[in-house]
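Encoded as structure tokens, the structure appears first; notes follow it.
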Amino acid sequence: MQTGWLGRQRGVVLSTFRKLRLQHRAVPTSTTIPVTVVSSRSIVTPALHLKKETGPCLPLRQRSTLSYLDHQSTTVRTTTLLFTPNTVKQQHSVGQFHTHSCQRRGDFIGHQQVNVARTMATVAAPSHVDLVLNVDNINPNVKAMEYAVRGPLVIRAGEIEKELAMGVKKPFTEVIKANIGDAQAMGQKPITFIRQVISLVAYPDLLSSKEFPEDVKSRARAILESSRGSAGCYSDSAGLELVRNHVAKYIERRDGFPADPSNIILCAGASEGIRSTLKMLSTISGPRTGIMIPIPQYPLYSASIVEYNMEQAGYYLDEDNDWGLDVAELERAVKEARKRCNVRGIVVINPGNPTGQVLTRDNIVEVIKFAHREKLFIFADEVYQDNVYADNREFHSFKKVTKELGDPYDKLELASFLSCSKGYMGECGLRGGYAEIVNMDPEVKALYLKSISAKLCPTVLGQAVMDCVVNPPQPGEPSYELFSKEKAAVLKSLSERASMIAKAFNSIPGIKCNTVQGAMYAFPEVKIPEKAVAKAKSLGQAPDVFFAFQLLEQTGMCCVPGSGFGQRPGTYHFRTTILPQPEKLQIMLDKFRSFQESFLKEYQ
């Protein structure tokens with residue numbers, strides 16, 4: 001284990017036992033504290049198996065964090081730090097506790113094995129008082145929820161970055177975080193028009209500057225007027241009326257059908273809008289609500305479904321058919337799910353995350369008719385609607401298709417979502433988005449608005465970004481030419497990278513990748529040799545998690561194991577973004593080829 005990480009964790013432990021020493025509580029001299037070990041690079045408390053009589057002397061609590069696979073419960077051997085006390089005397093002395101560095105590949109130290117259902121744990125803070133919250137009495141849904149794209153692999157990637165900064169030698173010089181769709185973190189430059197508008201909204205004194213085009217100033221003035229003169233003021237909970245009007249006009253231009261501004265809810269990114277709408281379907285009595293989600297899916301859905309005490313009803317996308325959506329599979333999934341829950345909603349991500357597919361209009365029609373037959377609320381996750389690259393695909397919104405189908409399909413309850421984080425904008429950190437809620441019962445809608453009012457409002461700067469997206473420069477305005485040029489360049493480059501990454505993966509032994517038709521990700525299938533599968537199981541890891549950790553440790557590339565998104569049993573995948581700039585993407589793909597060839601040679 002590298003010294004930087006070890007030093008930080010040793011500091012935590014020294015602080016822990018220094019506080020224990022100050023409590024001046026005696027411990028029987030015969031007491032020995034067992035060691036708990038897990039398969040991650042975090043430290044665990046030695047208090048898990050303390051006997052009852054030891055408790056008053058060592059009031060430690062174990063706190064587990066989340067793993068990739070909630071269902072994965074295995075006997076795990078040491079892969080991290082181990083804390084073993086000498087025979088405990090009358091008082092805890094920091095010097096009595098020793099740290100040991102362990103081999104990362106399954107060394108067994110201390111002759112302790114523990115059956116765990118999580119892959120990580122941390123040192124618990126000691127306390128001489130009874131705490132209101134502990135790991136046994138917090139909301140169990142919070143403990144159960146998982147979010148793979150920011151899980152243990154990403155934590156380890158952050159540790160490696162710090163180790164590199166401290167001069168620790170690695171077989172690489174940087175970590176490439178291809179785990180999340182953060183365009184600007186991967187080198188994409190912000191759109192000038194967007195940044196100019198939010199600069200003026202944030203600092204109105206710049207309105208007198210001659211450095212900014214007049215159309216930028218006019219939009220900033222309008223937003224400021226709508227927000228009482230300052231981005232620091234609260235807006236309405238549903239967002240600024242000006243921006244909601246502009247969103248409605250944008251949807252009307254896109255679909256050819258009118259949109260009602262009162263159905264537009266501005267939110268801090270699409271994720272907040274999705275979660276706010278999703279929780280309206282949860283119940284506290286009777287059968288739990290079931291929500292149909294695609295497998296693979298974006299982990300926001302599985303995490304939120306668990307947090308809101310609902311049931312996941314997964315339907316498999318057809319990998320052999322460009323990740324298409326098969327209605328027969330939908331019917332199988334809903335029939336199976338209704339044996340255990342009351343299925344009330346269906347999520348469709350189009351263009352797809354993590355799969356990169358773009359649904360045909362015919363496919364969308366089939367889904368709409370299915371939702372009508374089964375009486376389901378449709379969640380149309382359409383945040384990548386600008387990201388369509390395949391020549392034989394185009395984006396069709398679910399709302400547009402329901403309107404084109406007419407009665408009774410245009411009466412379906414539907415929520416669609418857009419975000420300023422994706423598309424050509426890449427403004428992830430500014431947290432702007434909207435939800436359009438269609439055909440919701442007026443009384444339910446009033447309660448929905450009451451629910452979001454508890455969050456007060458989304459950020460005004462995020463709303464300003466959303467206004468720029470739905471109300472961009474028009475022909476003849478000063479910013480139009482530069483805006484159009486920058487937008488086209490971003491989308492063209494993404495299209496080229498989508499093609500580049502699929503071709504490269506398909507040329508690497510043991511990897512198969514569908515065409516990336518849209519969005520910002522590839523989800524290749526990787527064949528993991530049986531010898532590697534056995535090795536993973538010996539370490540208490542899923543095979544694709546083992547693969548991803550090996551990739552990270554040997555190349556510095558951080559991708560997300562397919563098990564974090566869901567996949568058919570017996571198959572293994574990983575998700576990677578197409579966002580690294582072309583030069584870095586080529587380096588990444590070359591490293592991947594070298595790693596895969598070495599991996600297959602070692603485990604074939």
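For the single chain, residues carry numbers from 1 onward in sequence order.
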Are [X] and [Y] close enough that some pair of their side-chain heavy atoms sits under 4.5 Å apart?
X	Y	result
Tyr389	Ile578	yes
Val247	Asn245	no
Ile274	Lys279	no
Leu153	Val560	no
Asn350	His396	no
Leu325	Tyr315	yes
Pro204	Leu224	yes
Ile191	Phe483	yes

Quiz item: Pairs in or reaching into residues 210-220: which pass side-chain hydrogen bond (donor to acceptor under 3.5 Å, both in side chains), with residues at least two apart or in two chains?
Solution: Glu214-Arg221, Asp215-Ser479, Arg219-Glu477
Between the side chains of [Y] and [X], is the shortest nitrogen-to-carboxylate-oxygen separation below 4.0 Å, so that they form an ion pair?
X	Y	answer
Glu496	Lys492	yes
Arg332	Glu329	yes
Arg361	Glu404	yes

Exercise. Step by step, work out the side-chain contact (heavy atoms from CB on, under 4.5 Å) result for Phe377 and Leu414.
Key: CA-CA 6 Å; Phe377 190 112; Leu414 181 148; 5.8 Å; no
Consider only side-chain N and O atoms of [X] and [Y], and report whether a donor and an acceptor are under 3.5 Å apart.
X	Y	value
Ser262	Asp260	yes
Tyr409	Asp407	no
Gln297	Ser302	yes
Asn471	Lys249	no
Asn353	Arg575	yes
Ser304	Arg275	yes
Tyr448	Thr277	yes
Gln357	Arg393	no
Tyr424	Asn387	no
Asn342	Arg288	no
Thr192	Glu486	yes
Gln184	Glu427	yes

Nearest 0.5 Å, please: how far is [atom2] in [Y] from [atom1] in [X]?
X	Y	atom1	atom2	result
Tyr250	Asp255	OH	CG	8.5 Å
Ile223	Asp467	CD1	CG	4.0 Å
Ile194	Met425	CD1	CE	6.5 Å
Leu300	Ser271	CG	OG	4.5 Å
Glu525	His573	CD	NE2	4.5 Å
Ser237	Lys455	OG	NZ	10.5 Å

Verify the neighbour count for atom [atom1] of [X]: are there more than 12 heavy atoms of other residues, nucleotides or ligands below 6.0 Å?
X	atom1	value
Tyr480	OH	no
Glu225	CD	no
Lys485	NZ	no
Phe257	CZ	yes

Exercise. Verify salt bridge (charged side-chain N to carboxylate O under 4.0 Å, His left out) between Glu331 and Lys335, making sure each step is shown before the conclusion.
Key: CA-CA 6 Å; Glu331 292 170 345; Lys335 181 179 179 181; over 6 Å; no
Quiz item: Stepwise, does the side chain to side chain donor-acceptor pair (under 3.5 Å) test hold for Ser493 with Arg497?
Solution: CA-CA 6 Å; Ser493 180; Arg497 281 176 269 168; 2.9 Å; yes
Test item: [X] side-chain N/O and [Y] main-chain N/O as donor-acceptor pair under 3.5 Å:
X	Y	value
Ser421	Gly426	no
Gln463	Pro458	yes
Ser453	Leu456	no
Ser208	Asp205	yes
Ser276	Glu272	yes
Asn134	Asp136	yes
Ser416	Ala380	no
Asp318	Asp320	yes
Asp441	Val444	yes

Can you name the closest pair of heavy atoms from [X] and [Y] and give their distance?
X	Y	result
Ser282	Thr289	CA-OG1, 4.1 Å
Leu376	Leu412	O-CD2, 4.1 Å
Glu252	Ala259	OE1-N, 4.3 Å
Ser226	Leu242	OG-CB, 3.6 Å

Quiz item: Only one of Glu413, Glu382, Glu436 forms a salt bridge (charged side-chain N to carboxylate O under 4.0 Å, His left out) with Lys399, so which one is it?
Solution: Glu436
Exercise. Assess whether side chain to side chain donor-acceptor pair (under 3.5 Å) is satisfied between Arg431 and Ser419, documenting all intermediate values.
Key: CA-CA 8 Å; Arg431 310 311 299 138; Ser419 168; 5.2 Å; no
Quiz item: So Tyr301 and Asp381, side chain to side chain donor-acceptor pair (under 3.5 Å) or not? Walk me through it.
Solution: CA-CA 11 Å; Tyr301 293 100; Asp381 185 334; 2.6 Å; yes
Quiz item: Should the pair Phe379 and Phe417 be assigned to parallel (<30°), tilted (30 to 60°) or perpendicular (>60°) ring geometry?
Solution: parallel
Self-check item: Tyr384 ring center within less than 6.0 Å of Tyr521 ring center
Solution: yes
Self-check item: Residues Leu405, Ile368; criterion side-chain contact (heavy atoms from CB on, under 4.5 Å); working and verdict
Solution: CA-CA 9 Å; Leu405 290 174; Ile368 289 170; 3.9 Å; yes
